[in-house]
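In the text below, chain A, chain B and the rest are named by the order of the sequence lines, each starting its count at 1.
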Protein chains: 2
Amino acid sequence: MRIKELSSRSGVSVPTIKYYLREGLLPAGELVSKNQANYDGAHLRRLRLIRALVDVGGLTIAAVRDVLAAADAPGETVRKILYTAQESISGEPELPRDEAWAEAERKVADLVERRGWQVKPESKAWQTVVAVLASARQLEHGVWTHKLDVYADACERIATADLDYVAGIADVDAMLEGVVVGTVLGDTLVTALRRLAHQSESVRRLGDGTQDDDTQGDDTQGNDTHHEDAR
Amino acid sequence: MRIKELSSRSGVSVPTIKYYLREGLLPAGELVSKNQANYDGAHLRRLRLIRALVDVGGLTIAAVRDVLAAADAPGETVRKILYTAQESISGEPELPRDEAWAEAERKVADLVERRGWQVKPESKAWQTVVAVLASARQLEHGVWTHKLDVYADACERIATADLDYVAGIADVDAMLEGVVVGTVLGDTLVTALRRLAHQSESVRRLGDGTQDDDTQGDDTQGNDTHHEDAR
DNA sequence: CCGCTCCGGATAGCGATACTATCTGCTATC
DNA sequence: GATAGCAGATAGTATCGCTATCCGGAGCGG
(Lines give C-alpha, C1' and ligand atoms only; values in the text may rest on other atoms or scores of the structure.)
Protein backbone atom coordinates (compact mmCIF):
# COMPACT_ATOMS: atom_id res chain seq x y z
CA MET A 1 0.00 0.00 0.00
CA ARG A 2 1.34 3.42 -0.95
CA ILE A 3 0.74 6.63 0.96
CA LYS A 4 -2.10 7.71 -1.30
CA GLU A 5 -4.08 4.56 -0.64
CA LEU A 6 -3.37 4.88 3.10
CA SER A 7 -4.72 8.40 2.86
CA SER A 8 -7.92 7.52 0.98
CA ARG A 9 -8.63 4.51 3.20
CA SER A 10 -8.15 6.42 6.45
CA GLY A 11 -9.63 9.73 5.41
CA VAL A 12 -6.45 11.53 6.49
CA SER A 13 -4.76 13.76 3.89
CA VAL A 14 -1.33 12.83 2.55
CA PRO A 15 0.40 15.94 3.99
CA THR A 16 -1.11 15.17 7.38
CA ILE A 17 0.16 11.60 7.24
CA LYS A 18 3.60 12.94 6.40
CA TYR A 19 3.32 15.28 9.36
CA TYR A 20 2.46 12.36 11.66
CA LEU A 21 5.45 10.44 10.30
CA ARG A 22 7.70 13.41 11.03
CA GLU A 23 6.31 13.74 14.53
CA GLY A 24 6.83 10.06 15.23
CA LEU A 25 3.17 9.20 15.72
CA LEU A 26 3.21 6.75 12.86
CA PRO A 27 6.13 4.37 12.21
CA ALA A 28 7.81 4.78 8.81
CA GLY A 29 6.73 2.50 6.00
CA GLU A 30 8.98 -0.27 4.77
CA LEU A 31 11.44 1.35 2.39
CA VAL A 32 11.42 -0.69 -0.81
CA SER A 33 13.87 1.62 -2.58
CA LYS A 34 15.47 5.00 -1.90
CA ASN A 35 12.20 6.87 -2.22
CA GLN A 36 9.46 4.27 -2.21
CA ALA A 37 7.83 2.85 0.90
CA ASN A 38 5.10 0.33 1.62
CA TYR A 39 2.45 0.67 4.30
CA ASP A 40 0.25 -2.12 5.60
CA GLY A 41 -2.82 -2.76 7.71
CA ALA A 42 -0.96 -1.95 10.91
CA HIS A 43 -0.32 1.57 9.64
CA LEU A 44 -3.96 2.00 8.72
CA ARG A 45 -5.01 0.77 12.15
CA ARG A 46 -2.56 3.07 13.89
CA LEU A 47 -3.76 6.00 11.86
CA ARG A 48 -7.35 5.36 12.89
CA LEU A 49 -6.25 5.14 16.51
CA ILE A 50 -4.45 8.47 16.21
CA ARG A 51 -7.54 10.14 14.75
CA ALA A 52 -9.72 8.70 17.51
CA LEU A 53 -7.35 9.95 20.21
CA VAL A 54 -7.22 13.41 18.61
CA ASP A 55 -10.83 13.88 17.43
CA VAL A 56 -12.75 12.00 20.10
CA GLY A 57 -10.30 12.01 22.98
CA GLY A 58 -9.15 15.58 22.40
CA LEU A 59 -5.45 14.81 22.88
CA THR A 60 -2.70 17.02 21.52
CA ILE A 61 -0.26 15.61 18.97
CA ALA A 62 2.50 15.56 21.58
CA ALA A 63 0.30 13.63 24.02
CA VAL A 64 -0.59 11.09 21.34
CA ARG A 65 3.09 10.62 20.59
CA ASP A 66 3.93 10.00 24.25
CA VAL A 67 1.00 7.66 24.82
CA LEU A 68 1.76 5.60 21.74
CA ALA A 69 5.44 5.47 22.60
CA ALA A 70 4.50 4.04 25.99
CA ALA A 71 2.21 1.45 24.42
CA ASP A 72 4.88 0.50 21.88
CA ALA A 73 7.68 0.07 24.39
CA PRO A 74 8.51 -3.63 24.58
CA GLY A 75 8.26 -5.59 27.81
CA GLU A 76 6.11 -3.10 29.70
CA THR A 77 3.44 -4.18 32.13
CA VAL A 78 -0.16 -3.08 31.79
CA ARG A 79 0.23 -1.23 35.07
CA LYS A 80 3.21 0.72 33.76
CA ILE A 81 1.69 1.78 30.47
CA LEU A 82 -1.55 2.72 32.21
CA TYR A 83 0.38 5.03 34.47
CA THR A 84 2.55 6.44 31.69
CA ALA A 85 -0.52 7.09 29.55
CA GLN A 86 -2.13 8.95 32.45
CA GLU A 87 0.92 11.11 32.98
CA SER A 88 1.24 11.87 29.27
CA ILE A 89 -2.28 13.09 28.71
CA SER A 90 -2.73 15.37 31.70
CA GLY A 91 -1.01 18.74 32.05
CA GLU A 92 0.52 20.22 35.17
CA PRO A 93 -2.09 21.93 37.34
CA GLU A 94 0.22 24.93 38.06
CA LEU A 95 -1.43 26.59 41.01
CA PRO A 96 0.33 28.32 43.92
CA ARG A 97 1.33 25.93 46.71
CA ASP A 98 -0.36 28.08 49.33
CA GLU A 99 -2.30 27.26 52.46
CA ALA A 100 -5.44 26.25 50.56
CA TRP A 101 -3.30 23.80 48.61
CA ALA A 102 -1.92 22.24 51.78
CA GLU A 103 -5.40 21.79 53.20
CA ALA A 104 -6.60 20.22 49.97
CA GLU A 105 -3.64 17.84 50.04
CA ARG A 106 -4.64 16.69 53.49
CA LYS A 107 -8.17 16.04 52.29
CA VAL A 108 -6.96 13.97 49.37
CA ALA A 109 -4.63 11.98 51.61
CA ASP A 110 -7.59 11.29 53.89
CA LEU A 111 -9.73 10.17 50.99
CA VAL A 112 -7.04 7.86 49.68
CA GLU A 113 -6.52 6.30 53.08
CA ARG A 114 -10.27 5.97 53.69
CA ARG A 115 -10.70 4.05 50.47
CA GLY A 116 -7.50 2.04 50.77
CA TRP A 117 -6.25 3.21 47.42
CA GLN A 118 -2.69 2.41 46.44
CA VAL A 119 -1.71 5.44 44.43
CA LYS A 120 1.24 7.76 43.99
CA PRO A 121 0.99 11.22 45.60
CA GLU A 122 3.32 12.61 42.93
CA SER A 123 1.10 11.46 40.04
CA LYS A 124 -0.60 14.13 37.98
CA ALA A 125 -3.97 12.61 38.85
CA TRP A 126 -3.35 13.13 42.58
CA GLN A 127 -2.10 16.66 42.02
CA THR A 128 -5.12 17.41 39.86
CA VAL A 129 -7.56 16.30 42.54
CA VAL A 130 -5.75 18.55 44.98
CA ALA A 131 -5.90 21.44 42.52
CA VAL A 132 -9.65 21.03 42.04
CA LEU A 133 -10.27 20.98 45.79
CA ALA A 134 -8.05 24.00 46.37
CA SER A 135 -9.74 25.87 43.52
CA ALA A 136 -13.26 25.09 44.69
CA ARG A 137 -12.31 26.25 48.16
CA GLN A 138 -10.90 29.52 46.90
CA LEU A 139 -14.03 30.12 44.81
CA GLU A 140 -16.14 29.58 47.94
CA HIS A 141 -17.62 26.38 46.60
CA GLY A 142 -15.66 24.16 48.95
CA VAL A 143 -18.89 22.64 50.24
CA TRP A 144 -19.33 20.95 46.89
CA THR A 145 -16.31 18.78 47.59
CA HIS A 146 -18.05 17.26 50.60
CA LYS A 147 -19.51 14.91 48.00
CA LEU A 148 -16.02 13.64 47.24
CA ASP A 149 -16.82 10.12 48.38
CA VAL A 150 -19.76 9.85 46.01
CA TYR A 151 -17.41 10.78 43.20
CA ALA A 152 -14.74 8.37 44.39
CA ASP A 153 -17.22 5.54 44.74
CA ALA A 154 -18.58 6.06 41.23
CA CYS A 155 -15.05 6.23 39.80
CA GLU A 156 -14.14 2.99 41.54
CA ARG A 157 -17.00 1.18 39.85
CA ILE A 158 -15.98 2.53 36.48
CA ALA A 159 -12.35 1.64 37.03
CA THR A 160 -13.32 -1.90 37.99
CA ALA A 161 -15.30 -2.27 34.77
CA ASP A 162 -12.37 -0.88 32.78
CA LEU A 163 -9.85 -3.24 34.31
CA ASP A 164 -12.25 -6.15 33.80
CA TYR A 165 -12.35 -5.32 30.14
CA VAL A 166 -8.60 -5.00 29.75
CA ALA A 167 -7.96 -8.21 31.69
CA GLY A 168 -10.32 -10.03 29.34
CA ILE A 169 -8.24 -9.35 26.23
CA ALA A 170 -6.18 -12.33 25.12
CA ASP A 171 -3.71 -10.68 22.74
CA VAL A 172 -1.05 -8.64 24.52
CA ASP A 173 -0.77 -5.86 21.96
CA ALA A 174 -4.55 -5.51 21.82
CA MET A 175 -4.52 -5.35 25.63
CA LEU A 176 -2.09 -2.43 25.66
CA GLU A 177 -4.16 -0.70 23.01
CA GLY A 178 -7.20 -1.40 25.16
CA VAL A 179 -5.57 0.46 28.03
CA VAL A 180 -5.01 3.49 25.83
CA VAL A 181 -8.49 3.41 24.31
CA GLY A 182 -10.14 2.82 27.67
CA THR A 183 -8.21 5.60 29.35
CA VAL A 184 -8.60 8.26 26.67
CA LEU A 185 -12.00 7.48 25.15
CA GLY A 186 -13.20 6.56 28.63
CA ASP A 187 -12.54 10.13 29.77
CA THR A 188 -14.66 11.46 26.95
CA LEU A 189 -17.39 8.91 27.60
CA VAL A 190 -17.62 9.59 31.33
CA THR A 191 -17.71 13.31 30.77
CA ALA A 192 -20.45 13.06 28.15
CA LEU A 193 -22.56 10.63 30.20
CA ARG A 194 -22.29 12.88 33.22
CA ARG A 195 -23.61 15.71 31.10
CA LEU A 196 -26.56 13.62 29.95
CA ALA A 197 -27.27 12.66 33.55
CA HIS A 198 -27.10 16.34 34.51
CA GLN A 199 -29.58 17.21 31.78
CA SER A 200 -31.96 14.49 32.80
CA GLU A 201 -31.71 15.16 36.50
CA SER A 202 -32.23 18.89 36.05
CA VAL A 203 -35.33 18.27 33.94
CA ARG A 204 -36.64 15.77 36.49
CA ARG A 205 -36.18 18.20 39.36
CA LEU A 206 -36.96 21.53 37.80
CA GLY A 207 -39.19 20.72 34.84
CA ASP A 208 -38.25 20.86 31.19
CA GLY A 209 -39.48 24.36 30.43
CA THR A 210 -42.87 23.28 29.07
CA GLN A 211 -45.21 24.03 31.90
CA ASP A 212 -47.31 20.81 32.12
CA ASP A 213 -45.34 19.47 35.06
CA ASP A 214 -45.55 15.69 34.78
CA THR A 215 -42.85 14.90 37.31
CA GLN A 216 -45.10 13.62 40.06
CA GLY A 217 -44.21 14.26 43.67
CA ASP A 218 -40.82 12.47 43.74
CA ASP A 219 -38.92 15.76 43.82
CA THR A 220 -36.24 16.72 46.31
CA GLN A 221 -35.12 14.19 48.83
CA GLY A 222 -31.48 15.11 49.26
CA ASN A 223 -31.43 18.88 49.41
CA ASP A 224 -31.84 20.32 52.84
CA THR A 225 -32.35 23.95 51.93
CA HIS A 226 -35.00 26.08 50.32
CA HIS A 227 -35.01 26.23 46.58
CA GLU A 228 -37.92 28.35 45.42
CA ASP A 229 -37.78 26.87 41.94
CA ALA A 230 -34.36 28.16 41.05
CA ARG A 231 -34.90 31.57 39.54
CA MET B 1 -9.25 49.27 43.30
CA ARG B 2 -7.08 50.08 40.30
CA ILE B 3 -5.98 47.58 37.69
CA LYS B 4 -2.56 47.16 39.26
CA GLU B 5 -4.02 46.10 42.57
CA LEU B 6 -6.45 43.76 40.83
CA SER B 7 -3.44 42.25 39.11
CA SER B 8 -1.35 41.78 42.23
CA ARG B 9 -4.26 40.38 44.24
CA SER B 10 -5.27 37.88 41.57
CA GLY B 11 -1.84 36.93 40.32
CA VAL B 12 -2.86 37.77 36.75
CA SER B 13 -0.66 40.26 34.85
CA VAL B 14 -2.05 43.64 33.87
CA PRO B 15 -1.80 43.00 30.09
CA THR B 16 -3.65 39.73 30.55
CA ILE B 17 -6.42 41.45 32.49
CA LYS B 18 -6.69 43.97 29.67
CA TYR B 19 -6.88 41.07 27.24
CA TYR B 20 -9.73 39.52 29.24
CA LEU B 21 -11.54 42.85 29.26
CA ARG B 22 -11.19 43.08 25.49
CA GLU B 23 -12.45 39.53 25.05
CA GLY B 24 -15.46 40.20 27.23
CA LEU B 25 -14.56 37.71 29.96
CA LEU B 26 -14.38 40.40 32.58
CA PRO B 27 -16.86 43.30 32.78
CA ALA B 28 -15.32 46.77 32.46
CA GLY B 29 -14.52 48.66 35.63
CA GLU B 30 -16.56 51.67 36.64
CA LEU B 31 -15.20 54.61 34.68
CA VAL B 32 -14.51 57.40 37.14
CA SER B 33 -13.11 59.72 34.47
CA LYS B 34 -12.14 59.46 30.81
CA ASN B 35 -9.23 57.17 31.50
CA GLN B 36 -9.57 55.99 35.06
CA ALA B 37 -11.66 53.03 36.17
CA ASN B 38 -12.43 51.35 39.48
CA TYR B 39 -12.59 47.60 40.05
CA ASP B 40 -14.13 45.89 43.04
CA GLY B 41 -14.38 42.51 44.75
CA ALA B 42 -16.72 41.18 42.08
CA HIS B 43 -14.00 41.70 39.49
CA LEU B 44 -11.45 39.93 41.65
CA ARG B 45 -13.85 37.05 42.18
CA ARG B 46 -14.61 36.81 38.49
CA LEU B 47 -10.93 36.85 37.66
CA ARG B 48 -10.28 33.96 40.00
CA LEU B 49 -13.16 32.06 38.44
CA ILE B 50 -11.70 32.65 34.99
CA ARG B 51 -8.30 31.34 36.05
CA ALA B 52 -9.88 28.26 37.64
CA LEU B 53 -11.85 27.50 34.48
CA VAL B 54 -8.76 27.94 32.32
CA ASP B 55 -6.04 26.40 34.52
CA VAL B 56 -7.95 23.66 36.31
CA GLY B 57 -10.87 23.10 33.95
CA GLY B 58 -8.79 23.43 30.80
CA LEU B 59 -11.31 25.62 28.98
CA THR B 60 -10.37 27.88 26.09
CA ILE B 61 -10.88 31.63 26.40
CA ALA B 62 -13.80 31.47 23.96
CA ALA B 63 -15.47 28.73 26.01
CA VAL B 64 -15.03 30.74 29.21
CA ARG B 65 -16.63 33.75 27.54
CA ASP B 66 -19.64 31.73 26.41
CA VAL B 67 -20.09 30.00 29.75
CA LEU B 68 -19.86 33.22 31.72
CA ALA B 69 -22.21 34.96 29.31
CA ALA B 70 -24.75 32.21 29.95
CA ALA B 71 -24.34 32.51 33.71
CA ASP B 72 -24.65 36.31 33.54
CA ALA B 73 -27.80 36.36 31.41
CA PRO B 74 -30.66 37.61 33.58
CA GLY B 75 -33.74 35.52 34.21
CA GLU B 76 -32.32 32.19 33.11
CA THR B 77 -33.24 28.96 34.83
CA VAL B 78 -30.62 26.65 36.31
CA ARG B 79 -31.63 24.04 33.73
CA LYS B 80 -30.98 26.42 30.87
CA ILE B 81 -27.59 27.64 31.99
CA LEU B 82 -26.54 24.08 32.78
CA TYR B 83 -27.36 23.11 29.22
CA THR B 84 -25.79 26.19 27.68
CA ALA B 85 -22.62 25.65 29.70
CA GLN B 86 -22.45 22.06 28.47
CA GLU B 87 -22.85 23.10 24.86
CA SER B 88 -20.25 25.86 25.19
CA ILE B 89 -17.47 23.75 26.62
CA SER B 90 -17.64 20.72 24.35
CA GLY B 91 -16.54 20.75 20.72
CA GLU B 92 -18.21 19.08 17.78
CA PRO B 93 -17.22 15.41 17.51
CA GLU B 94 -16.85 15.63 13.67
CA LEU B 95 -16.83 12.01 12.61
CA PRO B 96 -18.36 10.60 9.40
CA ARG B 97 -22.06 9.72 9.72
CA ASP B 98 -21.49 6.22 8.41
CA GLU B 99 -23.03 2.89 9.29
CA ALA B 100 -21.02 2.51 12.50
CA TRP B 101 -22.37 5.88 13.57
CA ALA B 102 -25.96 4.82 12.94
CA GLU B 103 -25.50 1.67 15.00
CA ALA B 104 -23.94 3.68 17.83
CA GLU B 105 -26.88 6.06 17.74
CA ARG B 106 -29.26 3.18 18.20
CA LYS B 107 -27.26 1.95 21.18
CA VAL B 108 -27.37 5.36 22.82
CA ALA B 109 -31.10 5.67 22.19
CA ASP B 110 -31.55 2.27 23.84
CA LEU B 111 -29.47 3.32 26.83
CA VAL B 112 -31.39 6.53 27.26
CA GLU B 113 -34.72 4.75 27.09
CA ARG B 114 -33.56 2.00 29.45
CA ARG B 115 -32.60 4.56 32.05
CA GLY B 116 -35.58 6.83 31.46
CA TRP B 117 -33.34 9.82 30.84
CA GLN B 118 -34.93 12.98 29.58
CA VAL B 119 -32.22 14.38 27.32
CA LYS B 120 -31.87 16.02 23.95
CA PRO B 121 -30.56 13.84 21.09
CA GLU B 122 -29.12 16.94 19.43
CA SER B 123 -27.04 17.92 22.44
CA LYS B 124 -23.27 17.73 22.13
CA ALA B 125 -23.19 15.31 25.05
CA TRP B 126 -25.43 12.84 23.21
CA GLN B 127 -23.43 13.21 20.01
CA THR B 128 -20.21 12.69 21.94
CA VAL B 129 -21.41 9.44 23.47
CA VAL B 130 -22.34 8.26 19.99
CA ALA B 131 -18.93 9.28 18.67
CA VAL B 132 -17.12 7.34 21.42
CA LEU B 133 -19.16 4.21 20.73
CA ALA B 134 -18.64 4.47 16.99
CA SER B 135 -14.91 5.05 17.50
CA ALA B 136 -14.47 2.14 19.87
CA ARG B 137 -16.30 -0.08 17.43
CA GLN B 138 -14.11 0.96 14.53
CA LEU B 139 -10.98 0.37 16.61
CA GLU B 140 -12.23 -3.14 17.38
CA HIS B 141 -12.75 -2.32 21.03
CA GLY B 142 -16.52 -2.31 20.75
CA VAL B 143 -16.76 -4.92 23.50
CA TRP B 144 -15.56 -2.34 25.98
CA THR B 145 -18.80 -0.42 25.52
CA HIS B 146 -20.81 -3.37 26.83
CA LYS B 147 -20.01 -1.83 30.19
CA LEU B 148 -22.00 1.25 29.22
CA ASP B 149 -24.57 0.74 31.96
CA VAL B 150 -21.90 0.68 34.63
CA TYR B 151 -20.68 4.03 33.35
CA ALA B 152 -24.21 5.41 33.12
CA ASP B 153 -25.06 4.26 36.62
CA ALA B 154 -21.93 5.84 38.08
CA CYS B 155 -22.60 9.09 36.24
CA GLU B 156 -26.16 9.18 37.55
CA ARG B 157 -24.94 9.01 41.12
CA ILE B 158 -22.47 11.81 40.48
CA ALA B 159 -25.10 13.93 38.75
CA THR B 160 -27.47 13.47 41.67
CA ALA B 161 -24.81 14.65 44.09
CA ASP B 162 -24.06 17.64 41.86
CA LEU B 163 -27.68 18.69 41.62
CA ASP B 164 -28.12 18.22 45.38
CA TYR B 165 -25.27 20.65 45.89
CA VAL B 166 -26.63 23.25 43.48
CA ALA B 167 -30.15 22.99 44.88
CA GLY B 168 -28.76 23.65 48.35
CA ILE B 169 -27.39 27.09 47.50
CA ALA B 170 -29.57 29.95 48.72
CA ASP B 171 -28.22 32.85 46.69
CA VAL B 172 -29.28 32.77 43.05
CA ASP B 173 -26.04 34.16 41.61
CA ALA B 174 -23.98 31.77 43.67
CA MET B 175 -26.23 28.97 42.44
CA LEU B 176 -25.55 29.79 38.82
CA GLU B 177 -21.85 30.00 39.56
CA GLY B 178 -22.16 26.66 41.31
CA VAL B 179 -23.52 25.14 38.12
CA VAL B 180 -20.50 26.40 36.19
CA VAL B 181 -17.98 25.32 38.80
CA GLY B 182 -19.64 21.95 39.26
CA THR B 183 -19.80 21.28 35.56
CA VAL B 184 -16.29 22.37 34.63
CA LEU B 185 -14.26 21.51 37.71
CA GLY B 186 -16.42 18.40 38.09
CA ASP B 187 -15.15 17.13 34.74
CA THR B 188 -11.58 17.55 35.90
CA LEU B 189 -12.33 15.95 39.25
CA VAL B 190 -14.08 12.90 37.82
CA THR B 191 -11.32 12.35 35.29
CA ALA B 192 -8.60 12.59 37.90
CA LEU B 193 -10.40 10.35 40.40
CA ARG B 194 -10.95 7.75 37.71
CA ARG B 195 -7.23 7.79 37.06
CA LEU B 196 -6.46 7.28 40.73
CA ALA B 197 -8.96 4.41 40.82
CA HIS B 198 -7.27 2.93 37.74
CA GLN B 199 -3.89 3.15 39.41
CA SER B 200 -5.14 1.55 42.58
CA GLU B 201 -7.10 -1.18 40.84
CA SER B 202 -4.20 -2.07 38.56
CA VAL B 203 -1.84 -2.33 41.53
CA ARG B 204 -4.39 -4.44 43.41
CA ARG B 205 -4.81 -6.85 40.53
CA LEU B 206 -1.37 -6.98 39.01
CA GLY B 207 0.98 -6.05 41.81
CA ASP B 208 2.83 -2.80 42.21
CA GLY B 209 6.11 -3.88 40.62
CA THR B 210 7.84 -4.71 43.91
CA GLN B 211 7.74 -8.48 43.95
CA ASP B 212 6.61 -9.20 47.55
CA ASP B 213 3.02 -9.79 46.50
CA ASP B 214 0.94 -8.83 49.53
CA THR B 215 -2.42 -8.75 47.78
CA GLN B 216 -3.84 -11.89 49.28
CA GLY B 217 -6.05 -14.09 47.12
CA ASP B 218 -8.84 -11.58 46.44
CA ASP B 219 -7.67 -11.22 42.86
CA THR B 220 -9.84 -11.49 39.76
CA GLN B 221 -13.49 -12.16 40.19
CA GLY B 222 -14.91 -10.35 37.19
CA ASN B 223 -12.62 -11.35 34.35
CA ASP B 224 -13.56 -14.47 32.50
CA THR B 225 -10.42 -15.03 30.45
CA HIS B 226 -6.82 -16.02 31.00
CA HIS B 227 -4.49 -13.27 32.04
CA GLU B 228 -1.05 -14.71 32.62
CA ASP B 229 0.06 -11.60 34.52
CA ALA B 230 -0.22 -9.25 31.58
CA ARG B 231 3.15 -9.31 29.86
C1' DC C 1 14.00 6.10 -24.05
C1' DC C 2 10.29 9.80 -23.38
C1' DG C 3 6.83 11.77 -20.79
C1' DC C 4 3.85 11.50 -17.21
C1' DT C 5 2.53 10.68 -12.57
C1' DC C 6 3.52 9.50 -8.10
C1' DC C 7 6.84 8.86 -4.33
C1' DG C 8 9.60 10.20 0.07
C1' DG C 9 11.83 13.79 2.37
C1' DA C 10 12.71 18.62 3.45
C1' DT C 11 11.41 23.33 4.13
C1' DA C 12 8.36 27.12 4.43
C1' DG C 13 3.97 29.12 5.21
C1' DC C 14 -0.70 29.71 7.43
C1' DG C 15 -4.57 30.42 10.61
C1' DA C 16 -5.99 30.11 15.22
C1' DT C 17 -5.05 30.73 20.20
C1' DA C 18 -3.41 33.07 24.24
C1' DC C 19 -1.08 36.10 25.52
C1' DT C 20 2.72 40.24 25.61
C1' DA C 21 4.74 44.65 24.38
C1' DT C 22 4.48 49.17 22.88
C1' DC C 23 2.34 53.54 21.96
C1' DT C 24 -0.81 57.51 22.79
C1' DG C 25 -3.07 60.75 25.25
C1' DC C 26 -4.72 61.69 29.55
C1' DT C 27 -4.82 62.16 34.89
C1' DA C 28 -3.93 61.88 39.70
C1' DT C 29 -0.56 63.18 43.03
C1' DC C 30 3.27 64.75 45.31
C1' DG D 1 5.16 70.73 36.92
C1' DA D 2 7.65 66.44 37.06
C1' DT D 3 6.54 61.75 37.64
C1' DA D 4 3.99 57.86 37.80
C1' DG D 5 0.08 55.40 36.53
C1' DC D 6 -4.12 54.77 33.79
C1' DA D 7 -7.32 53.23 29.73
C1' DG D 8 -7.62 51.97 25.25
C1' DA D 9 -5.64 50.69 20.79
C1' DT D 10 -2.49 48.32 17.89
C1' DA D 11 1.12 45.28 16.85
C1' DG D 12 4.07 41.50 17.86
C1' DT D 13 5.21 36.68 19.69
C1' DA D 14 5.26 31.62 20.55
C1' DT D 15 3.04 27.43 19.97
C1' DC D 16 0.03 24.17 17.64
C1' DG D 17 -1.69 21.54 13.90
C1' DC D 18 -1.62 21.30 9.85
C1' DT D 19 -0.91 22.73 4.49
C1' DA D 20 1.73 23.95 0.38
C1' DT D 21 5.65 23.78 -2.38
C1' DC D 22 9.87 22.07 -4.07
C1' DC D 23 13.32 18.54 -5.07
C1' DG D 24 15.43 14.46 -7.06
C1' DG D 25 14.23 9.94 -7.95
C1' DA D 26 11.13 5.80 -9.24
C1' DG D 27 7.41 3.38 -11.86
C1' DC D 28 5.24 2.64 -16.02
C1' DG D 29 2.64 3.04 -20.44
C1' DG D 30 3.91 3.89 -25.06
Nearest-Å distance for atom pair CG/C1', residues B/Leu31 and C/dT27: 13 Å
Integer-rounded Å distance: C/dT17 C1' and B/Ile50 CD1: 16 Å
Any B/Tyr19 side-chain N or O less than 4.0 Å from OP1/OP2 of C/dT17: no
Straight-line distance of A/Ile61 CD1 to A/Arg22 CZ, nearest 0.5 Å: 11.5 Å
Short side-chain N/O contact from B/Tyr39 to OP1 or OP2 of D/dA7, under 4.0 Å: yes
Side-chain N or O of B/Tyr20 closer than 4.0 Å to phosphate OP1/OP2 of C/dA18: no
Closest listed nucleotide, where the reference is the side chain of B/Val54 and the choices are C/dT27, D/dG17, C/dC19: C/dC19
Residues B/Asp72, B/Arg46: salt bridge by 4.0 Å N-O rule: yes
Integer-rounded Å distance: C/dG8 C1' and A/Glu5 CD: 17 Å
5' precedence on DNA chain D between A/Ser33 and A/Ser13 (nearest-nucleotide basis): A/Ser13
Donor-acceptor pair present, B/Arg2 side chain and C/dT27 base, under 3.5 Å: no
Side-chain donor/acceptor of A/Asn35 to base of C/dG8, under 3.5 Å: no
Nearest-Å distance for atom pair CZ/C1', residues A/Arg22 and D/dG17: 10 Å
Proximal nucleotide (of C/dA18, C/dG8, C/dA28) relative to the B/Ile61 side chain: C/dA18
Atom pair distance, as rounded to whole Å: CG in A/Leu25 and P in D/dC18: 10 Å
Pairing of B/Arg195 and A/Asp187 as salt bridge, 4.0 angstrom limit: yes
Toward the 5' end of DNA chain C, by each residue's nearest nucleotide, B/Ala62 or B/Lys34: B/Ala62
A/Trp117 backbone acceptor or donor facing B/Ser200 side chain under 3.5 Å: no
B/Thr16 vs C/dA18: side-chain N/O to OP1/OP2 distance below 4.0 Å: no
Sugar-phosphate, base or nothing in reach of A/Ile3, heavy atoms under 4.0 Å: sugar-phosphate
Whole-Å gap separating C1' (C/dC6) and CG (A/Leu6): 15 Å
Atom pair distance, as rounded to whole Å: CD in B/Glu23 and P in C/dT17: 10 Å
Selection from D/dA7, C/dC19, C/dC6 that lies nearest to any side-chain heavy atom of A/Lys4: C/dC6
Side chain A/Gln127, main chain A/Glu122, donor-acceptor under 3.5 Å: no
Distance-only donor-acceptor test, A/Lys18 side-chain atoms vs C/dG8 base atoms, 3.5 Å: yes
A/Glu177 bridged to A/Arg45 by N-O distance under 4.0 Å: yes
Nucleotide C/dT5, atom P - distance to CD of A/Gln36 in whole Å: 16 Å
